[in-house]
Asker: 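Sharing a structure, written as C-alpha cells. Questions coming.
Just so it is clear, the structure is predicted and the values come from calculations on it, not from any experiment.
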Amino acid sequence: MLSHNIHIPRPSPYIRLQEVDVIAQEFSHAYREHHGMDSLPVDIERLLDWLEISYYWDNLEETEGATCFARIGVGQGAAIEINEYHKDLFEKRPEVFRICLGHEAGHLILNHPACFSTTYAPTLFKGDDVCRFLHKDSWSQYGLTSDEVRERISATKAAKEKLVKNAVMSRAAYEAVQAIDDKCEPDWMFWQAEHFARCIAIPSEKLYSLIERDPLSAGWGRIYELAKVFEVPPSSMTKRLEKLKLIEMDSGGKPVPVVSMQRSLF
C-alpha cells in the first residue's frame, strides 16, 4: 500500500475518530489532486488502485465462520478478500459494497495489521494459513433491513455451528468460538476503520458545500438525498452528520439539524 507521503500514526486504541477523519481527508485531497477530479461520488475502487490495494473475491466460509463481508489477508500482500457468499447483497446494494471496501482500506491505511499479534489484538489461531484479520458479526452499520440481516445470518450459520461442534474436541476451536462471540476484531479497530470508510466516502468539505446550498431539515428526507449523492447507506450518512455535530436525534429518534452548524472539524 502507498502512503503518498501522508503521515500515519502508530496504530493504537487511543487514536481519536477526529484524527481518523483528518487522515481520511488528507488522502481524499491527495487522490483528487492526483487525478484532477472533484466529482461525486468518490470512486472507491479507483481510490484503491491509487493506493495499490488489491482485492479479490473468495469463498470465506472455510475460515470457520469468523468473517462477515470481507477481511484482510495479511499473508498475501495485505490484499482485501471479499466473501463470495455476500456477492448477491453487494450487487443489490452497491453502496454497502463501497463502504465495505472503504472499511477494509481503513484497516490497511491505519496499519491495523501491525497489531494482529500484539496485546492490543492477540492472535486467535495458529498456523500460516489462518493469519487473517477476523471480523466480528456486525451488520447494523451498513443500514441493512431486518430481513436482510436475517438472510445474512442464516447464510453463515452452518459454518459457525460446525466450529461449535469442533470445539467439543478442540481447545483451540473452543477459544476461537469464544473470540468470535466476543470481539474477533477489537472494537477500537472496527470503529476506526468504520469511521475512515464514512469519511473517505463523504468528504467533509463536499458535504458542507452541499448543505450550504440546501440546508438540513428535520426528518430523514434530506439525509436520504445526501446518501444518494455520495452513494452510501443512509445509516452511514446519518452517523457522519452526527459525528460532525450537524444533526442530533430528538426524543422520538428523529434527526434534527443543530442550529449553530459547526463549520470546521477542528
Side-chain angles (χ1 to χ4, degrees), residues 1-56 70-74 76-82 94-115 133 141 188-213 226-233 236-237 239-241 243-246 262-266:
M1 190 207 84
L2 295 179
S3 66
H4 293 284
N5 297 316
I6 295 172
H7 172 69
I8 308 297
R10 292 172 60 86
S12 165
Y14 305 109
I15 294 176
R16 298 172 301 167
L17 294 185
Q18 188 180 60
E19 295 177 71
V20 173
D21 198 334
V22 171
I23 293 169
Q25 298 316 303
E26 289 182 354
F27 274 100
S28 178
H29 283 301
Y31 166 73
R32 295 201 302 264
E33 287 182 4
H34 175 79
H35 288 290
M37 58 194 303
D38 210 29
S39 59
L40 290 173
V42 175
D43 189 331
I44 297 296
E45 294 177 71
R46 189 172 182 181
L47 174 67
L48 292 185
D49 287 340
W50 176 68
L51 292 168
E52 294 191 4
I53 295 176
S54 61
Y55 69 89
Y56 59 93
R71 70 184 181 187
I72 302 299
V74 297
Q76 302 185 28
I80 298 173
E81 299 172 286
I82 307 171
E95 75 279 12
V96 173
F97 183 59
R98 296 178 75 251
I99 288 292
C100 180
L101 288 180
H103 181 108
E104 301 306 325
H107 283 310
L108 292 172
I109 287 172
L110 297 171
N111 201 23
H112 287 164
C115 292
F133 196 114
Q141 75 277 6
W188 64 272
M189 288 188 187
F190 178 86
W191 291 117
Q192 285 180 10
E194 194 63 19
H195 193 60
F196 180 90
R198 287 192 294 264
C199 295
I200 202 70
I202 312 170
S204 56
E205 63 184 58
K206 293 293 185 183
L207 181 60
Y208 281 128
S209 178
L210 289 174
I211 293 173
E212 282 181 357
R213 294 198 296 268
L226 289 169
K228 287 182 179 179
V229 171
F230 289 90
E231 292 189 5
V232 298
S236 297
M237 178 57 66
K239 186 61 68 175
R240 182 73 167 126
L241 292 168
K243 292 297 183 182
L244 290 173
K245 303 187 185 304
L246 297 178
Q262 183 174 318
R263 294 303 311 277
S264 171
L265 292 177
F266 318 108

Asker: Which class fits the ring pair His34 and His4: parallel under 30°, tilted 30 to 60°, perpendicular over 60°?
Answerer: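 Tilted.
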Asker: Measure the spacing between CD of Gln18 and NZ of Lys243 and express it to the nearest 0.5 Å.
Answerer: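 Result: 11.0 Å between the selected atoms.
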Asker: Locate the shortest heavy-atom distance separating Gly102 from Phe196; write the atom from each residue and the value.
Answerer: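 Nearest heavy atoms, Gly102 then Phe196: O-CD2, 3.7 Å.
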Asker: Which is it for Ile211 and Leu241 under the side-chain contact (heavy atoms from CB on, under 4.5 Å) test, yes or no, and what are the steps along the way?
Answerer: CA-CA 11 Å; Ile211 293 173; Leu241 292 168; 4.0 Å; yes
Asker: Could you work out, with side chain to side chain donor-acceptor pair (under 3.5 Å) as the rule, every residue matching Ser39, not counting sequence neighbours?
Answerer: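 Ser39 satisfies side chain to side chain donor-acceptor pair (under 3.5 Å) with no residue once adjacent residues are dropped.
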Asker: Let me confirm one number: the CG-NE2 distance from Asp49 to His35, rounded to the nearest 0.5 Å.
Answerer: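 One finds 8.0 Å between CG of Asp49 and NE2 of His35.
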Asker: Does Trp191 reach the side chain of Val20, with side-chain heavy atoms less than 4.5 Å apart?
Answerer: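 No, too far: nothing below the 4.5 Å cut-off.
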Asker: Are His103 and Phe190 close enough that their ring centers fall under 6.0 Å?
Answerer: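 Ring-ring flag for His103/Phe190: true, centres closer than 6.0 Å.
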Asker: Which pair of non-hydrogen atoms, one from Pro113 and one from His107, has the smallest distance, and what is that distance?
Answerer: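 Heavy atoms of Pro113 and His107 come nearest at CD-O, 3.5 Å.
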Asker: Tell me, which pairs form a salt bridge (Lys or Arg N to Asp or Glu O under 4.0 Å) where one or both residues lie in residues 7-18, sequence neighbours left out?
Answerer: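 Of all non-adjacent pairs touching residues 7-18, those that pass salt bridge (Lys or Arg N to Asp or Glu O under 4.0 Å) are Arg16-Glu19.
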Asker: Identify the two heavy atoms, one from Ala70 and one from Ile82, that lie closest to each other, and give their separation to 0.1 Å.
Answerer: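 Heavy atoms only, the tightest pair is CB-CA, 4.1 Å.
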Asker: Write down the atom of Ser28, the atom of Ile200, and the distance for their closest heavy-atom approach.
Answerer: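 Heavy atoms of Ser28 and Ile200 come nearest at N-CD1, 3.9 Å.
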Asker: Within the 4.5 Å heavy-atom criterion, are Leu47 and Leu101 side-chain neighbours or not?
Answerer: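 In short, these two side chains do not touch, never coming nearer than 4.5 Å.
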Asker: From Leu17 CG over to Lys239 NZ, what is the distance, rounded to the nearest 0.5 angstrom?
Answerer: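 One gets 10.0 Å once the value is rounded to the nearest 0.5 Å.
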Asker: For the pair Arg240 (side chain) and Ile202 (backbone), establish whether a donor and an acceptor sit closer than 3.5 Å, ignoring hydrogens and angles.
Answerer: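 Present.
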Asker: Walk me through whether His112 and Gln192 qualify under side-chain contact (heavy atoms from CB on, under 4.5 Å).
Answerer: CA-CA 10 Å; His112 287 164; Gln192 285 180 10; 2.9 Å; yes
Asker: If the condition is ring-ring contact (aromatic ring centres under 6.0 Å, His included), which residues does Phe97 pass it with, not counting sequence neighbours?
Answerer: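 With neighbours one apart ignored, the set is Trp57, Phe90.
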Asker: Between CD1 of Ile23 and OG of Ser3, what distance do you get to the nearest 0.5 Å?
Answerer: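 Rounded to the nearest 0.5 Å, the CD1-OG separation comes out at 11.5 Å.
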Asker: Hey, mind stepping through Leu226 and Leu210 against side-chain contact (heavy atoms from CB on, under 4.5 Å) and telling me if it holds?
Answerer: CA-CA 8 Å; Leu226 289 169; Leu210 289 174; 4.1 Å; yes
Asker: I'd like to check Ile6 versus Ile109 (side-chain heavy atoms, cut-off strictly below 4.5 Å). Are they in contact?
Answerer: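 A side-chain contact under 4.5 Å is absent here.
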Asker: Just verifying a value: how many Å separate Cys199 SG and Glu194 CD, rounded to the nearest 0.5 Å?
Answerer: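 Answer rounded to 0.5 Å: 10.5 Å.
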Asker: What residues, two or more places apart in sequence or in another chain, satisfy side-chain contact (heavy atoms from CB on, under 4.5 Å) together with Asp43?
Answerer: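 For Asp43 the side-chain contact (heavy atoms from CB on, under 4.5 Å) partners, ignoring immediate neighbours, are Tyr31, Glu45, Arg46.
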Asker: List the residues meeting side chain to side chain donor-acceptor pair (under 3.5 Å) with Asp38, not counting sequence neighbours, and say none if there are none.
Answerer: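 Listed in chain order: Arg32, Lys206.
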Asker: At their closest point, which heavy atom of Leu48 faces which heavy atom of Tyr55, and how far apart are they?
Answerer: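 Leu48 and Tyr55 have their closest heavy atoms at CD1-CD2, 3.8 Å.
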Asker: Can you name the ring-ring contact (aromatic ring centres under 6.0 Å, His included) partners of His29, sequence neighbours left out?
Answerer: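 His29: no ring-ring contact (aromatic ring centres under 6.0 Å, His included) contacts found.
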Asker: Tell me, do Asn111 and Pro11 make a side-chain contact under 4.5 Å, heavy atoms counted?
Answerer: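 Sidechains of Pro11 and Asn111: in contact.
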Asker: For Glu81 and Tyr56, which I'm curious about, is there any donor-acceptor pair between the side chains at under 3.5 Å?
Answerer: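 Short answer, yes.
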Asker: With rounding to the nearest 0.5 angstrom, report the CH2 to CG distance, Trp50 to Leu2.
Answerer: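 Between Trp50 CH2 and Leu2 CG, I get 8.5 Å after rounding to 0.5 Å.
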Asker: Report the residues that fulfil side-chain contact (heavy atoms from CB on, under 4.5 Å) with Pro41, sequence neighbours left out, ordered by chain and then residue number.
Answerer: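 So Pro41 forms a side-chain contact (heavy atoms from CB on, under 4.5 Å) with Arg98, Glu231.
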